[in-house]
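Presented below is the structure to which this report refers.
Per chain, numbering begins at 1; letters A, B, ... match sequence-line order. Just so we're clear, the structure is a prediction, and the values are computed from it rather than from any experiment.
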Amino acid sequence: MDDINFFDKVYQVARLIPVGRVTSYGAIASYLGTKGSSRMVGYAMQAAGKVVPKVPAHRVVNRQGLLTAKFHFGGNLMAELLESEGVKVKDDQVQEFKTVYWDPNIELAL
DNA sequence: CCCGTGACGACAT
DNA sequence: TATGTCGCCACGG
């Protein structure tokens, strides 16, 4: 697994996120073992839309449940995508965040 | 090759 | 509780 690029690892985990659930950059980073490099996760997501299969980057938010990435998606697209999957979003913020929160460290429990 | 930037997070004040 | 600063590491210029 060490042969896989850091970005690819991020994509792998991101694709494991169930519909109607969201996770945080730090959670993914922690799962990968690069807890301090949460920024790299977000950076990887930047290219997520360029990779295949398509990575649900819209399901990844910051630790506060804030749609920091919506600015990059453009307009309200990210929020609409989440709501389309059943995730309630208000004021660029995920409602019931702790309820819809999906932690790879727990769910994958590896 | 060096510098600045950035989808974040934790700690310090 | 809120605001400010530092660390993290990859990529572009």
Side-chain angles (χ1 to χ4, degrees):
Chain A
M1 290 309 229
D2 301 280
D3 299 324
I4 305 177
N5 296 312
F6 179 77
F7 277 41
D8 288 335
K9 291 183 181 178
V10 176
Y11 303 147
Q12 292 278 339
V13 179
R15 282 185 283 228
L16 292 173
I17 303 174
V19 179
R21 291 284 193 278
V22 294
T23 191
S24 61
Y25 304 96
I28 296 174
S30 180
Y31 180 72
L32 297 178
T34 56
K35 183 179 181 181
S37 307
S38 47
R39 288 178 127 132
M40 301 298 88
V41 178
Y43 202 88
M45 285 303 176
Q46 182 186 292
K50 304 177 179 183
V51 207
V52 282
K54 185 179 175 185
V55 180
H58 59 272
R59 292 182 192 155
V60 186
V61 296
N62 68 352
R63 211 32 171 157
Q64 300 173 45
L66 189 66
L67 279 61
T68 52
K70 90 158 223 149
F71 188 76
H72 293 264
F73 272 77
N76 208 41
L77 181 60
M78 185 176 183
E80 302 219 353
L81 284 169
L82 288 171
E83 291 192 61
S84 181
E85 295 183 341
V87 180
K88 297 184 178 75
V89 180
K90 180 72 174 194
D91 188 42
D92 302 334
Q93 184 179 273
V94 177
Q95 303 300 294
E96 300 289 308
F97 181 55
K98 71 177 185 179
T99 303
V100 298
Y101 184 63
W102 183 85
D103 190 332
N105 297 290
I106 299 175
E107 303 303 322
L108 299 182
L110 189 57

For this session: Return the set of residues passing ring-ring contact (aromatic ring centres under 6.0 Å, His included) with A:Y101 (not counting sequence neighbours), or none when no residue passes.
Result: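 For A:Y101, the residues satisfying ring-ring contact (aromatic ring centres under 6.0 Å, His included) (neighbours in sequence not counted) are A:F97.
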For this session: Please check if the side chain of A:N5 supplies one atom and the backbone of A:F7 the other of a donor-acceptor pair under 3.5 Å.
Result: no
Exercise. Any sub-3.5 Å donor-acceptor pair from A:D91's side-chain atoms to A:Q93's backbone N or O?
Worked result: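 The answer is no, because no donor-acceptor pair under 3.5 Å joins these two groups.
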For this session: Give the rounded distance in Å between these two atoms: CG of A:D103 and P of B:dC8.
Result: 18 Å
Problem set entry | Interatomic distance, A:M40 CE vs B:dG6 C1' [rounded to whole Å] |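 Checked: the CE to C1' distance equals 7 Å.
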For [X], enumerate each residue passing the side chain to side chain contact (heavy atoms under 4.5 Å, CB included) test, keeping only those at least two apart in sequence or located in another chain.
{"X": "A:L77", "value": "A:F73, A:L81"}
{"X": "A:T34", "value": "A:F6, A:A29, A:L32, A:S37"}
{"X": "A:E80", "value": "A:N76"}

Problem set entry | Span of DNA chain C, from the first to the last nucleotide whose atoms fall under 4.0 Å of chain A heavy atoms | C:dG7 to C:dC11
Problem set entry | Euclidean distance, A:E96 CD relative to A:K90 NZ, rounded to 0.5 Å | 14.0 Å
For this session: Could you tell me the separation between the CG atom of A:N105 and the NZ atom of A:K35, rounded to the nearest 0.5 Å?
Result: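 It is 9.5 Å, given to the nearest 0.5 Å.
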Problem set entry | Min side-chain heavy-atom separation A:V94-A:L67 under 4.5 Å |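 In contact.
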Problem set entry | Validation row: A:L66, A:D92 side chains within 4.5 angstrom (heavy atoms) |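 A side-chain contact exists here, since the closest heavy-atom pair is under 4.5 Å.
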Exercise. With the 4.5 Å side-chain cut-off for hydrophobic clustering, are A:F71 and A:V87 part of the same group?
Worked result: no
Exercise. If Ile, Leu, Val, Met, Phe, Trp and Tyr residues are connected whenever their side-chain heavy atoms lie under 4.5 Å apart, and connections chain through other members, are A:V55 and A:Y25 in the same group?
Worked result: yes
All N/O donor-acceptor pairs, side-chain side in residues 16-23 of chain A, below 3.5 Å, sequence neighbours left out:
{"residue": "A:T23", "atom": "OG1", "partner": "A:W102", "partner atom": "O", "Å": "2.8"}

Where along [range] does a heavy atom fall under 4.0 Å from DNA chain B?
{"range": "residues 72-102 of chain A", "answer": "A:H72, A:F73"}
{"range": "residues 61-70 of chain A", "answer": "A:N62, A:R63, A:T68, A:A69"}
{"range": "residues 32-39 of chain A", "answer": "A:S38, A:R39"}

Got a list of side-chain donor-acceptor pairs under 3.5 Å for residues 38-53 of chain A, not counting sequence neighbours?
none

Using the 3.5 Å cut-off, write out each protein N or O paired with an N or O of nucleotides 11-13 of chain B and the distance between them.
none

Could you pull out the protein-nucleic contacts involving nucleotides 1-4 of chain B (nitrogen or oxygen on both sides, under 3.5 Å)?
none

Exercise. Which is true for A:A44 with a 4.0 Å heavy-atom rule: it touches a base, it touches only sugar-phosphate, or it touches nothing?
Worked result: nothing
How close do [X] and [Y] get, counting heavy atoms only, and between which atoms?
{"X": "A:K70", "Y": "A:G75", "answer": "NZ-O, 3.3 Å"}
{"X": "A:A57", "Y": "A:M78", "answer": "O-CE, 4.0 Å"}
{"X": "A:S24", "Y": "A:V60", "answer": "C-CG1, 4.2 Å"}

